[in-house]
Every structure is written in structure tokens, then in C-alpha cells.
Amino acid sequence: MSLVEYQATQPATRELFKHWRKDDKWIERDDVWIKFLERKGKMTVGYGSPRCIGPELEFGAAVGDRYDEPVLLIKTAWGGKSLYKDFRPPSSGGEVGPYYTKMVAGVRDALAHLKNDFPGYADQGYELAGLVWYHGWNDGVDPKRAVPEYEQNLVNLIADVRKEFKAPKLPVVVGELTGPWADAPGEWATLRKAQAAAAARPELKGNVLFVPTRDFVRPAKESPNPTHGHHEFGNAETYFLVGDALGKGMVKLLAAANERK
């Protein structure tokens, strides 16, 4: 039994997942699709960390339930990568992070192959609607170099992605770092404050939102995989609740953007 299957069948958590299951099997959404590196298909479980889910699952439900148009999530994620080095945006100076370049290329590739990869797409056009940034652990383990730069690097990344895709007001949701350090002092607290401070910058006001997630962290002893703090102890409830919060945050930003039009 997979870790997400376990929590989907437990009395304390099964209600969360019931809209994703029918006759004890996982369903696929016809109106929400996902492209994750080389994998693609209708939104369902199986696009997260090993034997679990990521926040993409319930994020997809939140935005899919809100909009009549079909939704495509383009997920880029590689383990053990920092914003300081691996995702370093051009505006931060120094060598551009190879995974920043891969992220941008991955989005462009997905958009270039919509008709081939997603049967529901028929050249009706598309809107690049938003960016979610849920990240931070690898910068936290580099407190002398990466943590002091995190706020500015995140501001730069948002600006550079908007410039890359000619979307100057692209809505951005920043998810607070979770993991087993929700109330940790030192560099972990500093990193979380940097995430919130980046979203609160005056130049980003109104179209960038910081989403707190600390309430979704579950103790290791209550989780299926207590030795994997970097993957939320394999706790599908954490990923589910994070995804739901990020999705509702994005819906809020998009609604505000539509009101301003």
C-alpha cells in the first residue's frame, strides 16, 4: 500500500481524499491536466514525491473547481536544489542557475506541445495564469550564504519569470516552507520571514501572495515515513492541505486580477 493510499483509507484523514476516489480507486479529472518533466496526463495521484503526492493534487482540485476552462499544471521539481545556486535567476548576478534555465525551458516545451500532449486542446489558445513557488529547504541548510540572499533572490526570480514570459503582472503564490522546522529558530525562522517579506515588497503588492503552511505540518510519529523530514515524513495530509491552501490563494489572486481589468 502506498503512503497516500494509507492515509486515504484511515478514519482520521479519509474524508479529505473522498472526492479523489470512487469504488476504492483513484479517479482522474478530465478538466485538469498535468505535465511533470517527462510525464503527463489527467490530474490524479502519482505526480509527487516517491510513494506520495505533492501539493499539485489538491491545488489542481481548487483551481479546477473554480474555472470552467480546462486547466494545465506544469510542474517542475528536482530534489536537493537551492534558489541561491540551482534556481539562481539572471537578475541576481553571477552564474544563472541551471535549474532556472530548465524550469523556463520546461514551461516553454509544455506550451509548444499542447496539441500533441493534451487531447482536449484544439488550438483555442491559452493563458499563462500564475506561478506557484513552494521551496526552501536547501537554502535553509546553507545559512551563511543562501538564507541572507533568499528574499532578494525570490524577488528577482519573480521578476525574471515575468520578463521571460512577457507577463508583467503574473500572479505568484509563495508557499511557506513546511518540513519539521515549523517553529524552528535560527536560519529556518529567518528563511520563512524572507519568503513572507519577498511577497510583501511594495513592487509586488497585489499580485504576489504569501501562503502560511505551518499549521499543516504533522509530527513524524503520526506520519507514515518518520525518517523523511525533507518529504514531509511522507504525510499525504500535509501535501493535501498545502495544495488546497496554495490553490485557494491562486484563485484569490486571479479573482483580484479580473476585478482590476
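The structure presented is a predicted model; accordingly, all values stated were derived computationally and were not measured.
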Are the aromatic ring centres of Tyr84 and Tyr150 under 6.0 angstrom apart? no
Step through the shown structure and confirm whether more than 12 heavy atoms of other residues, nucleotides or ligands are within 6.0 Å of NZ on Lys85. no
More than 12 heavy atoms of other residues, nucleotides or ligands under 6.0 Å from CD of Gln124: is that the case? yes
Tell me, please, which residues at least two apart from [X] pass side-chain hydrogen bond (donor to acceptor under 3.5 Å, both in side chains).
X: Glu56; value: Lys75
X: Gln152; value: Asn156, Arg201
X: Trp26; value: Glu5
X: Arg218; value: Glu237

Indicate whether the side chain of Tyr134 and that of Thr178 have a donor and an acceptor atom separated by less than 3.5 Å. yes
Smallest separation among heavy atoms of [X] and [Y], with atom names:
X: Pro55; Y: Leu246; value: CB-CD1, 4.2 Å
X: Pro171; Y: Leu254; value: CG-CD2, 3.8 Å
X: Glu58; Y: Trp20; value: OE1-NE1, 2.9 Å
X: Met103; Y: Thr76; value: CG-OG1, 3.4 Å
X: Phe17; Y: Val4; value: CE2-CG2, 4.1 Å

If we only count heavy atoms from C-beta on, is the [X] to [Y] side-chain gap below 4.5 Å?
X: Ile53; Y: Tyr47; result: no
X: Phe216; Y: Tyr239; result: no
X: Leu57; Y: Val45; result: yes
X: Phe118; Y: His113; result: no
X: Arg214; Y: Glu176; result: yes
X: Leu37; Y: Trp78; result: yes
X: Trp33; Y: Leu73; result: no
X: Val63; Y: Arg66; result: no

Check the pair Asp117, Lys40 against side-chain contact (heavy atoms from CB on, under 4.5 Å), reporting the backbone distance first and the verdict last. CA-CA 7 Å; Asp117 291 345; Lys40 56 185 181 290; 3.3 Å; yes
Residue set satisfying ring-ring contact (aromatic ring centres under 6.0 Å, His included) with Trp133, at least two apart, ordered chain then number -> Phe87, His135
Decide whether Leu157 and Val147 are clustered together by the hydrophobic rule: side chain heavy atoms of Ile, Leu, Val, Met, Phe, Trp, Tyr closer than 4.5 Å, transitively. no
Under 3.5 Å, side chain of [X] to main-chain N/O of [Y], donor-acceptor pair present?
X: Ser92; Y: Arg88; result: no
X: Lys205; Y: Glu203; result: no
X: Arg21; Y: Ile27; result: no
X: Glu69; Y: Tyr67; result: no
X: Gln7; Y: Ala236; result: yes
X: Arg162; Y: Leu170; result: yes
X: Ser82; Y: Asp139; result: no

Salt bridge check: are [X] and [Y] linked by an N-O gap of less than 4.0 Å?
X: Asp65; Y: Arg29; value: yes
X: Glu187; Y: Lys144; value: no
X: Arg145; Y: Asp142; value: yes

What distance do [X] atom [atom1] and [Y] atom [atom2] have between them, rounded to the nearest 0.5 Å?
X: Asp123; Y: Leu114; atom1: CG; atom2: CG; answer: 9.0 Å
X: Leu83; Y: Asn138; atom1: CG; atom2: CG; answer: 11.0 Å
X: Leu128; Y: Glu164; atom1: CG; atom2: CD; answer: 11.5 Å
X: Thr13; Y: Leu241; atom1: OG1; atom2: CG; answer: 10.0 Å
X: Asn153; Y: Asp160; atom1: CG; atom2: CG; answer: 10.0 Å
X: Ile34; Y: Ile74; atom1: CD1; atom2: CD1; answer: 10.0 Å

With side-chain contact (heavy atoms from CB on, under 4.5 Å) as the test, would you mind laying out the steps for Asn235 and Phe240 before giving the verdict? CA-CA 9 Å; Asn235 198 302; Phe240 180 99; over 6 Å; no
Give the intermediate values and the outcome of side-chain contact (heavy atoms from CB on, under 4.5 Å) for residues Leu253 and Val173. CA-CA 8 Å; Leu253 280 183; Val173 169; 3.9 Å; yes
Evaluate side-chain contact (heavy atoms from CB on, under 4.5 Å) for Leu177 paired with Leu191, printing each intermediate quantity in order. CA-CA 8 Å; Leu177 175 68; Leu191 178 59; 3.7 Å; yes
If you draw the axis of the six-membered ring of Tyr99, does the NZ or CZ of Lys81 fall within 45° of it and under 6.0 Å from the ring centre? yes
Residue pairs, two or more places apart or on separate chains, that pass side chain to side chain donor-acceptor pair (under 3.5 Å) and touch residues 246-256: Asp244-Lys248
